[in-house]
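Encoded as structure tokens, the structure appears first; notes follow it.
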Amino acid sequence: MMYSRTKRLLSIFLMCVMIFPVYFSVLMTEPVSAEESPYCFESYNYPGYFMRHYDYVGYLESFIVPVEDSEFKLVQGLADPSAISFESVNYPGYYFRHYDYKLQLQKNDGTDAFKQDATFRKVPGLKDSNFVSFQSYNFPTRYIRHYNFGLQIDPISNDTDKADATFKQVAAGSIASSGGTNKSAITINADKPQTAISQSLYGIFFEDINHAADGGLYAELIRNRSFEDNASTPDSWSLVNSTGSTGSMALDTTNNLNSAQGRSLKLTASSVAANGRIGIANTGFWGVNIVNGATYTVTFFAKCSSGYNGSIKASMENADSTVKYAETTVTGLTTEWKKFTASMKASGSNGSGRFLLSTDKPGTIWFDVVSCFPPTYKDRPNGLRNDLLTMVNDLKPRFNRFPGGCFVEGDKMANAFRWKNTIGPIETRTGHLNLWGYRTSDGMGYHEFLQMCEDTNSEPLYVCNVGMAHDDNVPMEPFIQEALDAIEYANGATTTTWGAKRAANGHPEPFNIKYVEIGNEENFQKATYSARYQSFYNAIKAKYPNIICIANCDISGSTIDYIDEHYYDTPQFFMNNATKYDKYVRTGPKIYVGEYAVTKNCGQGNLIAAIGEAAFMTGLERNSDVVKMASYAPLYVNSNDRKWNPDAIVYNSSQVYGTPSYYAQKMFSQNLGSNILLTTFSGSNTSFFFTTSKDNATGDIILKAVNATANNENSTIKINGASYIDSTGSAIVMSNSDPNAENSFTAPTKVAPVTKIVSGISSSFDYTFSPYSVTVLRIKTKAGPTSTPINTPTPTSTIKPTSTPTPKASEDINGDGVVNMADVILLAAHFNAVAQDPNFDIKCDLNSDNAINISDVMMIAVKFNTIISLN
């Protein structure tokens, strides 16, 4: 039976065999019956990596994800019962199907096309006959193979292709994804410093995407404040009229405020009832946030028709105006444009409020550049949103790349960012169309970017336009001068043309730009960019030789200081590339990883994404003699306009939270050592990543570790070459049993770092790294006044002494003659209350580092644990 069928197959396919490299093992296939037990399929050349579906797309990934997505039933082929189809265990009725040569999981729609695309022939492995390969039913020369960790239907032409198309069929129940334990040994040579770590390594990248500026970091509450967003209708504005009052509003393009403003809003109050009003209301960026007790600054330009003698009321109310939270009145309107400024204090809170301007008199009023600001960061006028910039400050960024990104170029040059249009009074700024689908006011302009850098203690990294947009190009010469003028504005003396303008804008001191990136992602137009890059480089270096110039792709024959490289991919991609820079040539340009993030298999920012990025970051840190700078991207997203996913910081009008990726960045940036330490790892876990360094200022050894498995990693940590090791250290740990766990507005710290005290540290001690975790372990190797020498055990006696030991003055915080929990509580209170006060109580500084911080709390809590328990 089998033999006769094989003969028929041979006769049918003989011509195809002569033309195409179809393997004869394919022709020896027996009919396949349904295999009800679920299976997983492990890569031949990447052991531990399995075929998997995620978001209905096929990938090759290790078991850092739920096993269920990698389990399939092999059922009779939908188009041929002698072949097979892959039915998902997790989604019954859904099958692996190749579509446009990519493997996808789709529901069987019953069509012949679907059935054929979802049918495969299981054949002996192309690379090893003990394994299996899968041939497409309707494309006999193509096989399921993994390429760049995606699953595709590809032709096979060499041994590499064969290996990628070969899999091991494994019973699903035999590969548990959680609950195990890995064992390893980590040996740290504290006396063998290696690479000096770049102290500019971790920074931020700001781009106005996802309403990151208007409706985000830029604190302005009014949307479409200049009425320029739409030529035909006043977007985000509506007419408000009380019962018995009539009127209208319309855009007006005549008698504008100035040449920068093309439209104003004309309010006509035809009749106003007694105690009534006519006005306009703005809903802001998905709600105006009103905070009880906050004072708001209102400004607007207005003029009125002849004979109008009324006033204007500005107010903040709920969505249907049944509750009024704040109100102020301005008077003095004339028939000429005039600026009005007022303030009002809110008496309640509402994250979805609205802003109104109204009158109780008939007449006509024109409005333009209507603005309402809450309290801003450092109370700066035209400033930034407090909570969002505080989140950035907590990252301790060493630099800030701005203003983009594709935002710099625009889809067309007419929509490119032009910094000279973004400085000075907001009423003189034209704004422009943002290629991310909305208009930006440019209220957060070049000066505000520089001010943001100063407020976050980060170096400015300005990205200049090279006369290139996505869809068109213009001559580069004016843009070379524009780049030089931008540097002069930031760095020039007040006697220079642009330095004087900076001073006039309130900042006579220079901002001191050190980095300029020449263009953004012009690798997509590399030929044109190559012809322009060197001209920009030469012009900048001729006038500012100390500026570090950054290219955004490798340009053969050009002079390059740094190259900007961008990476967006799966968690597994970043883990696989944790060693990418280990073998980079050390004599070439330095690297700036200007944009990187997990953008696949990441939900809206989950833990496994952060784990993949953290694994990659261990490689950046270990190789920071080459990789000088790196910045996650994008930084911000308004949850109402998610143009890009995921992002580090998520917010709406009144709330904010960080994704796990945000916290991974924070953990690495806040714990940046001085030098890499020579360290070895011995263990079987290939998904464990680490880097160790020494902080020369504190003497701490900093071990950053990423465990990307569902198992505990029980490590014996040995420290060689340290003359002193404190028995107490700290661990900052971010973990969750679910690698797909995410934060949200309702659970903002579901996945967030927790600081723990670690005791029992010595030259050899055991530590367990949790499943799915990012850990920063800090080990003290610098003796303090109350420290215990290395290898001297801490007393653990539980026998109550006959008399209480006489404490040191620094230990007895409250002066009652004993050391007990009251001292710990008092020290914690001091830490919370006066940590920022330079005149702190010296008795609270137990480790004499001239600061009151958590290490003092840890010291007294651990050192006197026995005494505390006895008192």
Side-chain angles (χ1 to χ4, degrees), residues 23 25-26 29-30 32-78 83-92 94-99 101-106 117-137 139 142-154 156 159-177 570-573 576 600-601 686-687 709-710:
Y23 299 92
S25 59
V26 172
T29 306
E30 296 185 32
V32 177
S33 59
E35 302 180 38
E36 291 302 321
S37 297
Y39 291 95
C40 296
F41 299 91
E42 184 177 15
S43 167
Y44 168 82
N45 55 350
Y46 286 97
Y49 289 72
F50 296 80
M51 291 170 54
R52 179 216 178 194
H53 61 80
Y54 180 81
D55 199 20
Y56 305 104
V57 178
Y59 294 98
L60 186 80
E61 292 197 326
S62 65
F63 271 121
I64 54 174
V65 291
V67 173
E68 291 80 4
D69 289 349
S70 297
E71 294 181 342
F72 300 90
K73 290 181 180 179
L74 293 187
V75 300
Q76 287 186 340
L78 298 180
I84 59 98
S85 292
F86 294 85
E87 183 180 16
S88 168
V89 171
N90 222 9
Y91 295 96
Y94 284 73
Y95 297 81
F96 256 156
R97 173 198 184 188
H98 58 80
Y99 182 79
Y101 303 109
K102 288 182 171 54
L103 213 59
Q104 299 184 17
L105 191 76
Q106 294 185 9
D117 289 346
T119 300
F120 303 87
R121 298 195 184 279
K122 186 172 75 170
V123 301
L126 300 181
K127 184 67 176 177
D128 186 327
S129 60
N130 293 316
F131 293 77
V132 296
S133 293
F134 299 97
Q135 178 192 33
S136 168
Y137 172 78
F139 289 97
R142 292 178 178 267
Y143 295 77
I144 295 177
R145 73 174 283 221
H146 56 82
Y147 179 76
N148 199 22
F149 301 97
L151 295 178
Q152 303 179 180
I153 303 295
D154 286 344
I156 305 302
D159 281 346
T160 299
D161 293 345
K162 292 179 184 179
D164 289 346
T166 302
F167 300 89
K168 181 179 180 180
Q169 185 172 326
V170 184
S174 66
I175 43 175
S177 67
T570 64
Q572 199 63 58
F573 169 88
N576 296 336
K600 302 174 183 176
N601 303 6
T686 57
S687 294
T709 73

Modelled atom types, side-chain donor and acceptor of [X] and [Y], under 3.5 Å:
X: Ser43; Y: Asn45; answer: yes
X: Asn576; Y: Tyr49; answer: yes
X: Arg97; Y: Gln104; answer: no
X: Gln572; Y: Tyr59; answer: no
X: Gln169; Y: Lys122; answer: yes

Any side-chain heavy-atom pair of Thr119 and Tyr95 under 4.5 Å: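 Not touching, per the 4.5 Å side-chain cut-off.
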Flag, side chain of [X] to backbone of [Y], donor-acceptor distance under 3.5 Å:
X: Thr570; Y: Lys600; result: no
X: Ser85; Y: Leu78; result: yes
X: Thr166; Y: Lys162; result: yes
X: Ser133; Y: Leu126; result: yes
X: Asn148; Y: Gly150; result: no

Tyr94/His53 aromatic ring centres below 6.0 Å: no
Arg142 charged N/C atom sitting above Tyr101 aromatic ring, 6.0 Å / 45°: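 The answer is yes, since Arg142 meets both limits relative to Tyr101.
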Gap between atom CZ of Phe41 and atom CG of Leu74 - 0.5 Å precision: 4.0 Å
Nearest-0.5 Å distance, CG of residue Asp161 to CD1 of residue Ile156: 5.0 Å
Glu42: partners by side-chain hydrogen bond (donor to acceptor under 3.5 Å, both in side chains), with sequence neighbours left out: none
Whether Phe96 and Phe86 hold their rings parallel, tilted or perpendicular, with breakpoints at 30° and 60°: perpendicular
Geometric class of the Phe134/Phe167 ring pair [parallel <30°, tilted 30-60°, perpendicular >60°]: tilted
